[in-house]
J.: 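Structure provided below as structure tokens; questions to follow.
Computation of the quantities below employed the complete heavy-atom set of this structure, encompassing side-chain atoms and omitting hydrogens, waters and symmetry-equivalent molecules.
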Amino acid sequence: MTFPRPTKTIQLEAADVAPIIHATGRGEVHVVAAPPGGGKSTAMYAAVASLIAEARRHPAGEPYRVVWATHGTRDANSLGQEARRQLLRALRIERLSDTVRILKGSGRTHSTGAYYAQFKWPKDTSVYVVSHAHLPLLLAPSRLPHYEKFMSGVDLVVIDEDPLDSLVYSLGEEPGGLTPAWIQWNEAIPSTPGTISQALLQVMQQVLLDEVPEDELVVVEHPITGVTAKSLTGRPFWTRFRATLPGAPDWARFQETLQAAIKAQAPDDIVPGEVVEAMREDFAASSVTSSNSQRFGVVWEQGKPISVRFRANVLRTLRGDSPPILVLDAYADAAAGQYQAVFRQHRVKFKQDWHIHRKNLLDGDQEPRRKHLLGEIGELTSRHKAGTLVLSYREVTNRLRLTRFQPEWTARLKPPSTLVWGPAPGFRSIEFAYWFAGRGVNAYRGRHVVALHPPAKPSLYQEHFLAAIEPHSATRRERMARHLRVTELLQMLHRGRQTTFEPGDPDRPRVITVFDLDKFDKGLGDSGWLSVTEYAPLRPFTKWAKRPHQPEAVLALSCELLKVYGGVPHLCLVVLGLYTPRPAEAKMLPFVEAAMLSHSRSSTPLLSTWQGALQPLYAEFGEYKPATGVQVSRVLDIFKRAPELSHLQPVQVVLPTKLGGGRSRVYAEDKEAARAAMFKLTGYDCHVF
């Protein structure tokens, strides 16, 4: 397969991004969009190190300090750990001994005091790497003293990859939280529930009693789990809420109620004030607008009354006088409106006029299909020195890592030690990554990428989560949801950085999707972002076939039997596990197996590997099941696929009385060839007809 050579492949340098940093002032966000592998992060590492070095050369001046935010910082392969290593390297190139520290999350420190103690700038530290989850705390309009002091010394914030998931606060995405039972036991029984809690309780009871018509609900079936989620939101929710409200809304009391309900489940979770403020705003607008906000409502799973709960999705408020912010997002699009909506307190600018080299993709559980797929990945990996990255959901790859699945992965995977290139210490030929985790990581450059399933957000992601950003416009939510879905796919599939290799380079990795891209997004193939070609499996597989590997094994082993005997005795195919024996043939099998093992097989590698056990053949073809009730026409249909077998015809033979008698069959050019084949196999002159 060949791909057209790009007219220009972007490789950014520090000199390309330094002017962008200088052109970004306080209260401004500059989004840098350039293709993955184009060097955005690397160029930014160097530019940041240069700015720190320039400040260091002026002893009387202030130090230059940077907060670098990434998706994750914990795992060794996380973008945060990679950023720390690369920033240290860039600083050493500038001959600086500065330290780059990773700011730990509260769950990774021994105490609250230890967590807060991190928020200071030691003299030897010029960069702190933080997770995106810290951004709402560090950029909040009103900050705790330790955050305020920490951010007062920051000159630049770099956000590597899209931070959206960390900037929306969500309640009720999982069962629990504020439920009818919680309100009744924690407010109604001890005392009197607040007016808002009373109204929500009545609305949720209407849901439990099936008093809400279906046409008032948003109903979505999850594409993977099949679970049907239902949501009462927008105008139907606010109409019912207003109708059941027993008095003036008690917003302060409701803030306390929410915090208590969430703390019972997650003691460290603090419900931000923006949640109640947004609800107050939407309540005030609910009587005058024709299109009510969808930031709040009631959600549940069909058939599970216990799952009914209050939900909220609210965009966190960020202060507009923040240090200059640079966002590195390969697929950012100004037309999608995402960054303008998220950073609404800032002036948002875009740098995306690079000549972008578009991505290449190849188009790519029934048990046999799974076994074939895992074996295919094993063989694909054996042929590629950098190995393979498998993409799916955490629960899928964790399951496939179980011991009982290992034979399926390794069935056609040659151990790395047999490959001529010699793996590096600790090299794992097959690695795993998960959708929506660790965007932007460069650790898998050169690997094939195989995506088992398409990325899918929770059922009501578009209606709930994105309502925090676009509460009043279903059209803008839909447009943004598609943009985020497509960019997640492209980000992850480009993990192998295939466009950094020249077309035709044997080391250039492939990208294979096991799912149908058209079903994922009909407009994606025509978008210019990718070139799609149908993937030809290394080993054929017939969908829904009961014995998908058996025909290929019949072909390959019959070719070798023809070499050894000048014909293909059906008894040999039975011994090799390809067909079940008839009663008359069963008596002959031990004799035939012994005879086959005694014959020279130096020119037939598959038969040489076979030593009376089928496992070596399963490793070559995948585990195949024998065909039963054999019909000659079906065997001949398989033979038609190979030129050396297509001319063979079935010849009936009478087995010697000393070997049990009965009849069998030989596939040969003619009767004489069949007779000679049986003589070579058994040592007896068999009658043919």
J.: Can you give me the closest heavy-atom contact between A433 and M492, atom names plus distance?
T.: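 What the structure gives for the nearest pair is CB-CE, 4.4 Å.
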J.: What do the steps show when you test D162 against Q491 for side chain to side chain donor-acceptor pair (under 3.5 Å), and what is the final call?
T.: CA-CA 11 Å; D162 179 1; Q491 278 279 6; over 6 Å; no
J.: Any chance you could lay out the side chain to side chain contact (heavy atoms under 4.5 Å, CB included) test for I377 and I430, step after step, and finish with the verdict?
T.: CA-CA 9 Å; I377 292 172; I430 295 179; 4.1 Å; yes
J.: Within a strict 4.5 Å, meaning less than it, do heavy atoms of the S646 and F639 side chains meet?
T.: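 Side-chain contact under 4.5 Å: no.
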J.: Do E28 side-chain atoms and V348 backbone N/O form a donor-acceptor pair below 3.5 Å?
T.: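 No.
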J.: Report the residues that fulfil salt bridge (Lys or Arg N to Asp or Glu O under 4.0 Å) with R476, sequence neighbours left out, ordered by chain and then residue number.
T.: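 Counting only residues at least two positions away or on another chain, R476 forms a salt bridge (Lys or Arg N to Asp or Glu O under 4.0 Å) with E470.
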J.: Less than 4.5 Å apart, side chain to side chain, heavy atoms only: is that true for K563 and T604?
T.: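 Yes, at least one pair of side-chain atoms sits under 4.5 Å.
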J.: Do H494 and T499 pair up side chain to side chain, a donor and an acceptor below 3.5 Å, judged on atom types alone?
T.: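 H494 vs T499: donor-acceptor pair found between side chains.
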J.: Measure the CG-CG distance between L636 and L648 for me, rounded to the nearest 0.5 Å.
T.: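 That separation rounds to 8.5 Å.
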J.: Is the Y339 ring parallel, tilted or perpendicular to the F343 ring (thresholds 30°, 60°)?
T.: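 Ring orientation, 0 to 90° scale: parallel.
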J.: Got V127 and I102 here, is their nearest side-chain heavy-atom distance under 4.5 Å?
T.: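 SC-SC contact between V127 and I102 ruled out.
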J.: Could you tell me the separation between the CD atom of E431 and the OG1 atom of T388, rounded to the nearest 0.5 Å?
T.: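 If we round to the nearest 0.5 Å, E431:CD and T388:OG1 are 10.5 Å apart.
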J.: Report the C-alpha separation of L164 and F465 in whole Å, then their side-chain angles, then the decisive distance to 0.1 Å, and conclude whether the side chain to side chain contact (heavy atoms under 4.5 Å, CB included) test is met.
T.: CA-CA 10 Å; L164 177 60; F465 184 88; 3.8 Å; yes
J.: Walk me through it: do K385 and D507 pass the test side chain to side chain contact (heavy atoms under 4.5 Å, CB included)?
T.: CA-CA 8 Å; K385 68 181 183 180; D507 292 336; 3.1 Å; yes
J.: Take R383 and E379 through the salt bridge (charged side-chain N to carboxylate O under 4.0 Å, His left out) test and state the conclusion after the steps.
T.: CA-CA 7 Å; R383 301 183 183 193; E379 183 162 348; 2.4 Å; yes
J.: Within a strict 4.5 Å, meaning less than it, do heavy atoms of the L156 and W68 side chains meet?
T.: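 No; the side chains remain at least 4.5 Å from each other.
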J.: At their closest point, which heavy atom of Q81 faces which heavy atom of A76, and how far apart are they?
T.: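 What the structure gives for the nearest pair is CB-O, 3.7 Å.
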J.: Please list every donor-acceptor pair under 3.5 Å in which a side-chain atom of residues 554-561 meets a protein atom from a residue at least two apart or in another chain.
T.:
| from | atom 1 | to | atom 2 | distance (Å) |
| --- | --- | --- | --- | --- |
| S558 | OG | V554 | O | 2.6 |
| E560 | OE1 | L606 | N | 3.1 |
| E560 | OE1 | L607 | N | 2.9 |
| E560 | OE2 | L606 | N | 3.0 |

J.: Taking side chain to side chain contact (heavy atoms under 4.5 Å, CB included) as the test, write out the residues that go with S392, two or more places apart.
T.: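 S392 satisfies side chain to side chain contact (heavy atoms under 4.5 Å, CB included) with V396, T397, L452, H453 once adjacent residues are dropped.
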J.: Once you round to the nearest 0.5 Å, how far does CG of L87 lie from CZ of R92?
T.: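 Reported value, rounded in 0.5 Å steps: 10.5 Å.
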J.: What is the minimum heavy-atom distance between T381 and S429, and which atoms define it?
T.: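 Of all heavy-atom pairs spanning T381 and S429, the closest is CG2-O, 3.4 Å.
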J.: State, to 0.1 Å, how close P163 and L135 come at their nearest heavy-atom pair, and which atoms those are.
T.: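 Taking P163 first and L135 second, the nearest heavy atoms are CB-CD1, 4.0 Å.
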J.: For R508 and E502: C-alpha separation, side-chain torsions, deciding distance, then whether salt bridge (charged side-chain N to carboxylate O under 4.0 Å, His left out) applies.
T.: CA-CA 7 Å; R508 182 175 171 130; E502 291 294 330; over 6 Å; no
J.: Tell me if a side-chain donor or acceptor on R634 pairs with a main-chain N or O of I638 at a distance below 3.5 Å.
T.: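 No: the side chain of R634 does not pair with the backbone of I638.
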J.: Excluding sequence neighbours, so at least two apart, what forms salt bridge (Lys or Arg N to Asp or Glu O under 4.0 Å) with D333?
T.: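 None.
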J.: Is the closest side-chain heavy-atom distance between H448 and L380 below 4.5 Å?
T.: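 A side-chain contact under 4.5 Å exists here.
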J.: Determine yes or no for a side-chain-to-main-chain donor-acceptor pair under 3.5 angstrom, with R344 supplying the side chain and A341 the backbone.
T.: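 Judged by distance alone, yes, a pair lies under 3.5 Å.
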J.: Is R74 atom CZ crowded by more than 12 heavy atoms from other residues, nucleotides or ligands, each under 6.0 Å away?
T.: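 Incorrect, the count does not exceed 12.
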J.: Determine whether L466 and L484 make a side-chain contact, defined as any pair of heavy atoms from C-beta on separated by less than 4.5 Å.
T.: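 They are in contact (side-chain heavy atoms under 4.5 Å apart), so the answer is yes.
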J.: Rounded to the nearest 0.5 Å, how far does CG of L389 lie from CZ of R445?
T.: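 The CZ atom of R445 sits 14.5 Å away from the CG atom of L389.
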J.: Any donor-acceptor pair under 3.5 Å linking the side chain of R84 with the backbone of V100?
T.: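 Between the backbone of V100 and the side chain of R84 there is a qualifying donor-acceptor contact (under 3.5 Å).
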J.: Does any part of the side chain of P509, heavy atoms only, come nearer than 4.5 Å to the side chain of F501, both counted from C-beta?
T.: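 A side-chain contact under 4.5 Å exists here.
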J.: Does the side chain of T24 pick up a donor-acceptor pair with the side chain of H30 at under 3.5 Å?
T.: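 Judged by distance alone, the side chains do pair up.
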J.: Classify the ring geometry of Y618 against Y624: parallel below 30°, tilted from 30° to 60°, perpendicular beyond 60°.
T.: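 Rings of Y618 and Y624: perpendicular, as their planes differ by over 60°.
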J.: Considering residues at least two apart in sequence or located in another chain, which fulfil the salt bridge (Lys or Arg N to Asp or Glu O under 4.0 Å) criterion with K640?
T.: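 Here the qualifying residues are D637.
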J.: Under 3.5 Å, side-chain donor or acceptor atoms of residues 37-54 against the rest of the protein: list the pairs with distances, not counting sequence neighbours.
T.:
| from | atom 1 | to | atom 2 | distance (Å) |
| --- | --- | --- | --- | --- |
| K40 | NZ | A34 | O | 3.2 |
| S41 | OG | D160 | OD2 | 3.0 |

J.: Under the 3.5 angstrom rule, does the side chain of D155 hit a backbone N or O of R65 as a donor-acceptor pair?
T.: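 Here the side-chain-to-backbone pair exists.
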J.: Just wondering, do V327 and V29 contact through their side chains at under 4.5 Å, heavy atoms?
T.: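 Heavy-atom side-chain distance check passes, below 4.5 Å.
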J.: What do the steps show when you test R510 against Q498 for side chain to side chain contact (heavy atoms under 4.5 Å, CB included), and what is the final call?
T.: CA-CA 7 Å; R510 306 174 77 174; Q498 70 272 27; over 6 Å; no
J.: Any sub-3.5 Å donor-acceptor pair from T99's side-chain atoms to R101's backbone N or O?
T.: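 No, because the side chain of T99 does not come within donor-acceptor range (under 3.5 Å) of the backbone of R101.
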J.: M480 and Q338: which non-hydrogen atoms are nearest, and at how many Å?
T.: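 Scanning both residues, the minimum pair turns out to be CE-CA, 3.8 Å.
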J.: How long is the gap from OH on Y393 to OH on Y434, to the nearest 0.5 Å?
T.: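 Rounded to the nearest 0.5 Å, the OH-OH separation comes to 14.0 Å.
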J.: How long is the span from the CD1 atom in I159 to the CG atom in L139, to the nearest 0.5 Å?
T.: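 Answer for the CD1-CG pair, I159 versus L139, is 6.5 Å.
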J.: Where is the tightest heavy-atom contact between S131 and T73, given as atom of each residue plus distance?
T.: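 The pair with the smallest heavy-atom distance is N-CG2, 3.9 Å.
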